[in-house]
Structure formats: structure tokens, C-alpha cells
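As the structure lists them, so they are numbered: ligands from 1, and atoms in each ligand from 1. All values below come from the heavy atoms of this structure, side chains included, with hydrogens, waters and symmetry mates left out.
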Amino acid sequence: MIRFLWQVAATASLFACSHAQSETSSSYYTSPTIYPSPNTTGIGWDGALEKAQSFLGQLNLTEKVYIVTGVRGPCVGNIAPIPRLNFTGLCLQDGPAAIRVADYASVFPAGITTAATWDKTLFYQRAAAMGQEFKDKGAHVILAPVAGPLGRVALGGRNWEGFSPDPYLTGSAFALSVEGMQSVGAQACGKHYIGNEQETQRNPTVNGEGETILAISSNIDDRTMHELYLWPFADAVKSGMASVMCSYNRINQTYGCENSKLLNGVLKEELGFQGYVMSDWGATHSGLPAINGGLDMDMPGSSFGSQTLSFFGGNITAAVQNGSLPESRLDDMVLRIMTPYYFLGQDSYPSVDGSSADLNGYNPATSNYSFTLGTDKSRDVRGGHAQLIHDIAAQGTVLLKNENATLPLKSPKRIGVFGNDAADLVTGLYNTNNLNYAGAPGYDIGTLAVGGGSGAGRFTTLISPLEAIKRRAYAEGAIVEYVLDNKVAIQSGGRGGGLGPPTGKISPKPDVCLVFLKTYVTEGYDRLNYEADWNSTQLVANITSFCNNTVVITHSGGINTMPWAENENVTAILAAHLPGEQSGNSIVSVLWGDVNPSGHLPYTIALNESDYNTKIVNQTNTNDTDPNAWQDNFSEGLFIDYRHFDQAGIEPLYEFGFGLSYTTFNISDLSISATTNASLTQLPGDTAIQPGGNPELYAVLATVSVTVSNTGEVAGAAVPQLYVSFPSGSVPEGTPVRVLRGFEKRQLAPGASEAVQFMLTRRDLSYWDVVSQQWSLPSNGSATVQAGWSSRDLPLEGELALTIEG
Ligand code: NOJ
């Protein structure tokens with residue numbers, strides 16, 4: 001076994017330059033080969049491996065190949081039925097916020113919204129509700145959750161599908177999502193493994209000369225890989241994740257779906273992953289190299305884009321027959337796929353809803369495979385999830401500014417509503433992809449409740465902000481005036497048809513102006529702008545020119561700069577992210593104070609866009625003839641998002657972890673205690689690998705407790721956060737100033753207090769040591785622990801001292 005992960009020929013030049021064009025390919029990290037692909041032992045899935053073995057024993061070679069190769073069918077991905085064994089096949093459906101291709105299903109708040117709740121109970125409940133909907137539609141595998149992208153680059157087009165650029169927060173949400181989804185019997189497929197941090201050139205292209213230009217290579221050093229991008233995957237593997245989707249991009253020059261170091265060496269061996277690796281759609285670029293490299297299932301198998309034949313399928317049959325692929329490897333692929341199937345009881349599962357076939361444009365009558373579809377088409381699987389969706393979206397709304405206690409609203413009698421984002425959809429309820437060029441801001445009039453691409457959802461219901469505001473205002477005897485077309489709303493105000501009072505489009509002058517901004521995001525494209533779309537800054541300027549009580553609400557799939565934040569007529573700001581189908585109801589609950597906002601930012605909002613250090617690689621030279629030209633060096637290492645701002649001493653506009661409430665909280669009584677007085681080894685012991693890796697990494701080495709109190713007049717939820725810093729000298733260079741290592745959420749009545757405990761594991765207190773290839777405690781065993789309300793508001797501080805052996 002090769003122990004060193006990434007070989008680099010010219011480290012100095014790698015770190016000297018963040019763009020690839022000036023470098024030669026020899027200067028990048030490369031990914032070594034690790035063979036063979038480890039066999040599953042079924043740990044954690046008691047009894048299921050035996051059932052899978054018995055099933056395998058009944059399969060002939062052709063049938064084994066069926067299990068590992070996708071075919072066309074009623075779902076987004078399909079494994080063919082084997083009727084003689086009563087195996088009805090597998091139905092795989094997108095995605096991370098909803099069962100995308102479905103009717104009578106819910107659209108949940110996106111990952112980014114969910115992360116902003118900082119609420120572990122909601123992380124789990126959302127996933128369990130989603131899992132139930134997938135199951136009720138007969139979908140065995142949920143192509144979610146997402147921890148890649150992690151969110152390295154603020155403008156990444158798919159960051160919203162995942163949770164947060166902080167690996168600890170993402171790890172918690174990712175693992176609890178897996179647990180929630182699988183608690184009801186659906187399989188989770190965590191994606192995209194790994195380094196899928198931008199959409200631009202995520203796939204290979206063909207240049208004018210007909211040459212293939214390879215997909216972008218995310219060049220990631222070993223420590224950064226472990227401490228940032230791999231961290232959440234370790235958490236989810238520990239939670240028993242059934243499946244992992246390998247990504248489109250290359251990592252250290254090798255495609256994600258044939259990267260034996262990452263699939264065999266890291267995922268299956270180091271993390272002890274027992275399930276199967278499926279390709280992203282069309283991400284398989286070879287047969288034997290991919291199979292030997294650790295890929296277990298090819299999706300969608302055949303008929304994808306220009307690719308009509310799978311690298312798997314008959315090629316595997318031939319390879320086994322001619323001896324180039326040992327049948328034992330194929331057997332392990334089958335076992336890895338079938339063990340979680342049996343473990344989750346999927347041998348007894350609802351039939352695939354017939355509407356899946358219709359919506360996917362599939363005609364069972366012309367198929368070679370006998371998929372059995374449920375005759376009760378268009379089953380309504382929403383199951384009363386609207387209230388949960390409403391709660392998550394409300395709790396994931398972050399109150400960023402609230403001057404003069406503008407919010408909650410005090411029964412205003414005249415309400416102005418502005419912006420294309422307040423309106424109902426006018427171009428249909430299924431906006432999977434509204435871009436025909438990079439950076440186009442999607443559809444114009446209509447609220448943004450979910451992003452586009454495979455992470456989208458077809459709305460069965462969508463409550464727009466205007467609709468809910470009108471309903472609320474009517475009940476309170478208020479009037480609502482609105483201008484929804486930004487083009488009209490940015491015209492100058494006043495007499496003669498402009499916006500402002502007294503004779504313009506708005507009269508009389510509103511008591512409060514609610515301005516709704518949106519930022520479209522979709523798979524396949526990265527964003528081009530940090531500000532919200534559709535002339536958002538001009539819109540805010542125009543409304544604030546006549547309205548001195550303006551509340552700005554953003555619906556955004558990512559980080560926005562807010563050049564209008566300090567405008568004194570902007571009295572309140574709410575970042576409502578992508579709220580899902582109950583959008584209007586959720587925002588009304590927050591605006592009127594039925595729900596006290598308790599969301600906190602899962603990322604950093606900078607004062608200036610130039611404060612962000614990581615960028616999308618975008619080669620303007622489209623005639624490039626170097627097939628290997630697309631290189632993305634993650635040379636910032638661990639310094640992304642708040643870790644960068646802290647390291648560089650940059651003042652953000654609103655920092656990671658920040659969020660206001662309609663009440664006030666106090667935090668006190670920090671106490672830190674090591675769980676053992678015995679001395680500890682710097683490295684974990686050599687214990688047999690379990691899913692998640694060395695189990696010693698998850699041993700709790702210290703507990704920290706604080707007391708949180710509600711010192712205000714109304715009930716509210718406090719989000720105490722715990723950060724750990726390592727003393728320089730005891731850890732290698734490149735260690736962040738502080739890292740999140742704990743958070744909790746507590747609902748508190750006015751005057752109430754509660755003690756909150758955080759557990760710090762060995763991994764939480766370690767760095768990845770590239771020499772020993774282990775997680776290592778700092779040499780002197782000490783760490784500074786800080787607790788408070790955000791990454792920059794940490795009133796409590798203490799020292800943790802562990803005794804390190806020898
Ligand atoms: C490609 C996307 O990257 C992936 O996330 C999705 O699950 C598949 N397409 C299937 O739609």
C-alpha cells in the first residue's frame with residue numbers, strides 16, 4: 001500500500017500561483033494508484049451482507065452486470081429488474097431539496113437554508129420527511145445529500161445544494177441527513193465526491209480542432225483534503241451512508257470516478273465505507289480503470305448525451321470472460337449495492353409511481369426491461385410536510401440588521417412590496433434550468449424558492465411572498481401596494497408615473513417597504529455576480545429614496561455582497577435563502593413575529609467582493625489546445641470563508657455564525673473538562689477500521705459546558721457556538737486561527753436559562769498529519785476554547801490541557 005497520498009513535483013510553484021495557465025502539468029499534485037478495491041465486510045449492516053450473498057449466489061454473469069449498470073427506465077437512474085428472482089430493480093431520483101421529477105410532492109428548503117437553522121433536529125426531520133416522500137413514490141435511492149461542493153468559492157453555482165463552507169457544520173447536516181433519509185428505509189447517496197467546487201468545465205469539452213479538453217482538475221493537498229473536503233464524508237460514512245456519487249471533475253489530475261486513491265484508498269479503506277460508489281451521470285470515463293479504481297455502478301449506464309454505450313454493461317461481461325477483470329471484483333460491486341438494499345428492507349418497497357415514467361418521458365411499452373409501475377399514479381406523498389417546510393424556512397432566515405426594532409412589524413396599515421422576487425411564478429412551476437448562457441439570472445418575474453438543475457423540484461404548491469403578505473394584511477385591515485417589475489421599480493420616483501408618493505405608482509406612502517431580491521443559481525453554471533440579480537442595488541436605492549423604513553429580504557442560493565446594508569433607510573435585512581414551497585408563509589411568520597428568527601449565517605458576507613480569496617477558474621482562451629489546461633489549485637489550503645477572513649484580519653460585513661433575534665441572550669459559565677486524566681498518545685491507536693475510519697477518532701476527549709439565558713422579553717432560540725484554536729508551534733503552519741467544533745440550538749422562554757454541553761472528540765482536537773498519515777493531537781495537547789454567538793463574537797474563553805505521552 002502506498003502511504004503517501006499526493007505526489008507533487010514542484011510544490012513551490014504550486015503554492016506560488018493560484019491559476020494554472022502559467023504552470024506546466026508536472027507541477028501539480030497527482031493522484032497515486034491504490035489497488036485493489038477493498039471488499040465490503042458489511043460492518044454495521046448486520047445480517048444484510050448474508051442476504052446479499054445469497055442473492056448474488058443466484059445471479060448469472062449477465063445478471064450481475066445488470067446490477068452494476070444503469071438502464072433507461074422510469075426514474076432518473078434505473079437498475080433493471082430481474083423478474084425470475086422477484087427483484088424489481090432500483091429507482092434512483094434527484095435530489096437534495098425534493099423528489100425533483102414528481103408530482104404531488106413537496107419542495108423543501110435547500111441545503112443552505114437548512115444549514116442556516118443550525119438546528120440538528122431539523123436537519124434530521126427534514127431528511128426523514130424527504131426520505132418518506134421518496135419511498136412513497138417508490139424511489140429506492142435519493143441522489144442526496146450534498147457535501148461537495150462544500151462552498152469553497154462564493155460564486156459556486158451549486159453551493160446551495162450543500163450546506164456550508166465549514167466542514168463541521170456541513171458534516172453534522174450531511175450525516176444527520178443520511179440518518180434521517182435512511183431511518184424510513186430510503187438509501188442516501190452522498191455527493192459529489194470530491195472537490196466538485198465549481199461548475200465551469202466540470203466536464204470535458206471538445207475544442208474547435210475536435211480535441212478533448214479535460215475537465216477541471218481540483219488540485220488539493222492531503223491536509224486540506226482531510227480537514228475540509230473529506231471531513232463531512234467521514235461523518236456520513238460513519239452514519240451508514242448507503243452510496244456515494246463520484247464527481248465529474250478530476251482531482252489531482254485523475255477523474256473522480258476512476259481515482260483509485262480517493263475511492264479505494266481513502267473512501268473504502270481509510271474511512272471504511274461499506275456501500276457502493278455510483279458515477280455522476282456520464283462521469284465514467286473508462287471501464288477497467290474505473291472498476292479497478294473503485295467505481296461500483298455506472299449511471300445512467302447507456303443513452304446519456306452523446307454517449308450511447310456504457311463502459312460497463314457488455315464490456316464487463318467480456319472482461320470477466322477474457323480474464324481481464326476478476327469476477328470477484330464484480331461480485332463485490334454487487335454486494336456493495338445489495339447489502340444496504342437488504343439492510344434497509346427494500347426487498348419490500350412501494351412500487352415506482354407511474355407518474356415518474358411520464359414525467360421522465362419513458363415509455364415502458366418500448367422497453368427491454370419489465371419495470372413494474374404502480375397503477376395508483378400521481379400519489380400524493382406530501383404527508384403534511386408543509387408545516388415542517390414552513391418551520392425550517394422560517395428558522396433558516398437570518399436577521400442581519402434590525403434598527404429601531406423595525407421587526408417584528410407593528411401592525412402597519414400601509415405596506416409596500418417591491419421586487420420581482422415577491423411575485424408568484426409566471427413561467428411555470430418547474431424551473432430546472434433557465435439559463436442559456438453563464439451568469440444569466442434565470443427567470444424574471446417570480447419568487448426564487450429553489451435553484452435549478454438536478455437540485456430543483458417541481459412545485460405542487462408554491463406560496464409566494466406577495467400572496468402570503470396580502471393574506472396577512474387583509475386579516476389585519478392593512479393595504480398592500482406593490483410594484484413587482486424591477487424595471488419599473490427602478491425608474492425614478494415622484495410625480496409623473498414614477499414610484500414614489502404622492503401621485504406615483506405608490507400612494508399613499510407605505511409605513512414599511514418590503515423589498516424582495518433574488519439571486520438565481522443552477523447546476524451547470526457558476527454565478528458571475530456577488531450582488532443580487534436584476535439591478536438589485538438600484539432597486540434598493542430607489543425604494544429607500546422615498547421610504548425610510550425599508551426591509552430588504554433576500555432569496556439567494558449563495559453569498560451576496562450588500563452594498564446597501566449601511567443605508568440608514570434600510571432598517572432591517574433578512575437573508576431568507578431558498579425557502580422551498582412555503583416561502584411566503586415562512587417570511588410572513590418572521591416579519592410579523594410569529595416566529596422569532598434564529599437563523600445564523602453558514603458563511604461569511606464580505607464588505608467587498610475582493611475580500612474573498614477563492615475564485616472560479618474561468619479560462620477565457622476558448623481556443624486552448626492544451627487538453628490539460630483546466631487546473632484549479634486549492635492553494636489557499638484551509639483558509640476558506642471565515643478561516644480566510646480571520647487569518648487575513650479582514651473585517652466582514654456579517655461574519656460566519658452571525659444572526660440576530662427579536663430577543664437578547666447571554667452566555668456564561670464556561671467550564672472545560674478532559675474526560676480522562678490519563679496521558680494520551682498523540683496519534684490514535686491502531687484500531688480496526690469501522691465506517692467513519694479509526695473509531696478512536698470519535699472518542700470524546702473533553703466536554704465543554706456553558707449556560708445560555710434569554711435576557712429579553714420574548715421567547716427565542718439561542719445558537720451557542722464553540723470554536724477551537726491551536727497554539728502555534730504545536731501544530732503545522734497553515735492552521736486556521738479558529739475552527740468551529742460545536743453548536744447547539746436551544747428554545748428559551750423569556751428569563752429562562754439552560755446549560756449546554758459540547759463534546760470534543762479526538763478528531764475535533766487534531767490536525768491531519770501528512771507524515772504519519774494520521775490525525776494527530778497538537779504536540780503539547782493544549783487548545784484554546786471559545787464560546788459565543790458567532791465566529792467574531794466569542795465572549796467566553798478557556799484553555800484545554802490534555803496530557804500527551806512521552
Ligand atoms: C448530474 C448531477 O451532477 C447530479 O447531482 C445528479 O444527481 C445527476 N445529474 C442526475 O440528475
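- Residue Gln93 does not touch ligand 1, judged by heavy-atom distances below 4.0 Å.
- The six-membered or imidazole ring of Tyr349 lies away from that of Tyr341, with a centre-to-centre distance of 6.0 Å or more.
- Contact atoms of ligand 1 toward Ser454: 2 (C), 4 (C), 5 (O), 6 (C), 11 (O) (distance under 4.0 Å to a heavy atom of the residue).
- Using a 4.0 Å cut-off to heavy atoms of Val76, the atoms of ligand 1 that qualify are 10 (C), 11 (O).
- At a heavy-atom distance under 4.0 Å, no atom of Met299 approaches ligand 1.
- Note that OG of Ser286 is 8.0 Å distant from CG of Leu288, once rounded to the nearest 0.5 Å.
- Checked against a 3.5 angstrom limit, the closest N/O atoms of Arg158 and ligand 1 fall inside it.
- In summary, the aromatic rings of Phe273 and Phe233 are positioned with their centroids too far apart to meet the 6.0 Å limit.
- Distances below 4.0 Å separate heavy atoms of Lys191 from the following atoms of ligand 1: 4 (C), 5 (O), 6 (C), 7 (O).
- Aromatic ring centroids of Phe634 and Tyr229 lie under 6.0 Å apart.
- For Tyr603 and His577, the ring centers sit closer than 6.0 Å to each other.
- Taking the ring centroids of Phe459 and Tyr430, they lie at or beyond the 6.0 Å cut-off.
- Contacts of Arg202 with ligand 1, taken as heavy-atom pairs under 4.0 Å, involve the side chain alone.
- Of all the atoms in ligand 1, the ones that sit under 4.0 Å from a non-hydrogen atom of Arg100 are 11 (O).
- Atom OH of Tyr104 has 12 or fewer neighbouring heavy atoms from other residues, nucleotides or ligands inside a 6.0 Å radius.
- Taking a 4.0 Å cut-off on heavy atoms, Glu161 fails to register as neighbouring ligand 1.
- With hydrogens and angles ignored, the 3.5 Å screen pairs a side-chain donor or acceptor of Ser218 with a backbone N or O of Gly195.
- Heavy-atom contacts of Asp280 reach the following atoms of ligand 1: 1 (C), 2 (C), 3 (O), 4 (C), 6 (C), 8 (C), 9 (N) (cutoff under 4.0 Å).
- The atoms of ligand 1 that sit less than 4.0 Å from any heavy atom of Leu143 are 7 (O).
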